[in-house]
Amino acid sequence: MNPMTEFKPLVALTLKEPIEAVQQLLGQDFPKAAIWSGFLLVQVLFTMVFVVQDMVLPMPDISMMALVSPQAHLGASILLQLAFATMITFCGRWLQGSGTFLQVLTCMAWLQFLQVIAFGILTVLMLITPAFANLLSLGVSVFAFYLSLHFVNAVHNLGSLWRAFGVILLAGLSIISLIFALLARVY
């Protein structure tokens, strides 16, 4: 069976009915090694898009992004995504959610994969029509957040997008607090 025949309907389902997409993803019962491999592959693909964007659309030398090597980007991306998955799991459980870390990681990897595809397309569009690509980029980011709300809601069985928003907000604030705490110890 051609994997692309199963891939395209899941993409469409994610965009149209995100809760059903989560149920299908989690119903696959992927082995742990496949989940971790998929997560790491998505991080590598995301870094490759970052490198291509930097080559095609270079940032000014004063930009922080101009100072970040692909290896540093990959390492930071892996660490931040693992921290976010961990905090989504803990905060979701704290709000009486039922999702596990591997379920959250599976969903995050899938959503990030879709973002990699979107950012790849946006990079090409940036060469053709930068103003439209920037506007579309904002739309992609808003829609990605909308999908994230539905995915967190579904993976934790929260029953409310507001509770899913609370989980994402608490997870984000926890990571920001941790980063500031680590920076305070360094300086």
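Computed from heavy atoms alone, side chains included, the values below leave out hydrogens, waters and symmetry copies.
- Proximity of Cys107 to Leu26: side-chain heavy atoms (C-beta onward) are separated by under 4.5 Å at one or more points.
- Under a hydrophobic clustering in which Ile, Leu, Val, Met, Phe, Trp and Tyr are joined whenever their side-chain heavy atoms come within less than 4.5 Å, directly or via other members, Leu173 and Leu178 fall into different clusters.
- Nearest approach of Val140 to Ala118, heavy atoms of both residues: CG1-CB, 3.9 Å.
- Crowding of Phe90 atom CZ: a count of heavy atoms from other residues, nucleotides or ligands under 6.0 Å not exceeding 12.
- Two residues are said to be in side-chain contact when any heavy atoms from C-beta on lie closer than 4.5 Å; Gln96 and Asn157 fail this criterion.
- The shortest distance between side-chain heavy atoms of Arg93 and Thr100 falls below 4.5 Å.
- Here Ile19 sits alone; no ILVMFWY side chain lies under 4.5 Å from its own, so it joins no hydrophobic cluster.
- At most 12 non-hydrogen atoms from other residues, nucleotides or ligands lie less than 6.0 angstrom from CZ of Phe46.
- For the atom pair CD (Glu17) and CD (Gln24), the distance works out to 11.5 Å, reported to the nearest 0.5 Å.
- In terms of heavy atoms, Cys91 sits closest to Ser174 at SG-OG, 4.5 Å.
- Using a 4.5 Å heavy-atom threshold, the side chains of Leu10 and Leu25 count as touching.
- A distance-only check finds no donor-acceptor pair linking the side chain of Ser137 to the backbone of Ala133 [under 3.5 Å].
- The heavy-atom pair separating Leu95 from Gly166 by the smallest distance is CD1-C, 4.4 Å.
- Under the side chain to side chain donor-acceptor pair (under 3.5 Å) criterion, Thr123 pairs with Gln53, sequence neighbours left out.
- Side-chain atoms of Phe132 and Leu122, non-hydrogen and from C-beta on, never get closer than 4.5 Å to each other.
- For residues 36-52, every residue pair satisfying the side chain to side chain donor-acceptor pair (under 3.5 Å) rule, not counting sequence neighbours, is listed here: Gln43-Ser77, Gln43-Gln112, Thr47-His73.
- For the atom pair Leu105 CG and Phe101 CZ, the distance stands at 5.0 Å (nearest 0.5 Å).
- Residues Val44 and Leu40 are not in side-chain contact: their nearest non-hydrogen atoms beyond the backbone lie 4.5 Å or more apart.
- Taking CG of Leu161 as the reference point, atom CZ of Arg163 lies at 12.0 Å (rounded to 0.5 Å).
- Residue pairs satisfying the ring pair (Phe, Tyr, Trp, His ring centres under 6.0 Å) criterion with at least one member in residues 139-163, sequence neighbours excluded, are listed as follows: Phe143-Tyr146, Tyr146-His150.
- Judged as a side-chain contact (heavy atoms from CB on, under 4.5 Å), and not counting sequence neighbours, the contacts of Leu80 are Ile175, Ile179.
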Residue pair Asn153, Leu149: steps toward the side-chain contact (heavy atoms from CB on, under 4.5 Å) verdict: CA-CA 6 Å; Asn153 182 36; Leu149 285 173; over 6 Å; no

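- Cluster note: Val124 groups with Ile128 through ILVMFWY side-chain heavy atoms spaced under 4.5 Å, whether in direct contact or through intervening members.
- Looking at heavy atoms from C-beta onward, Val104 lies out of side-chain contact with Thr86 at the 4.5 angstrom threshold.
- Residues Gln71 and Leu74 are not in side-chain contact: their nearest non-hydrogen atoms beyond the backbone lie 4.5 Å or more apart.
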Test side-chain contact (heavy atoms from CB on, under 4.5 Å) on Phe39 and Ile78; report intermediate values, then the result. CA-CA 9 Å; Phe39 169 76; Ile78 289 171; 4.2 Å; yes

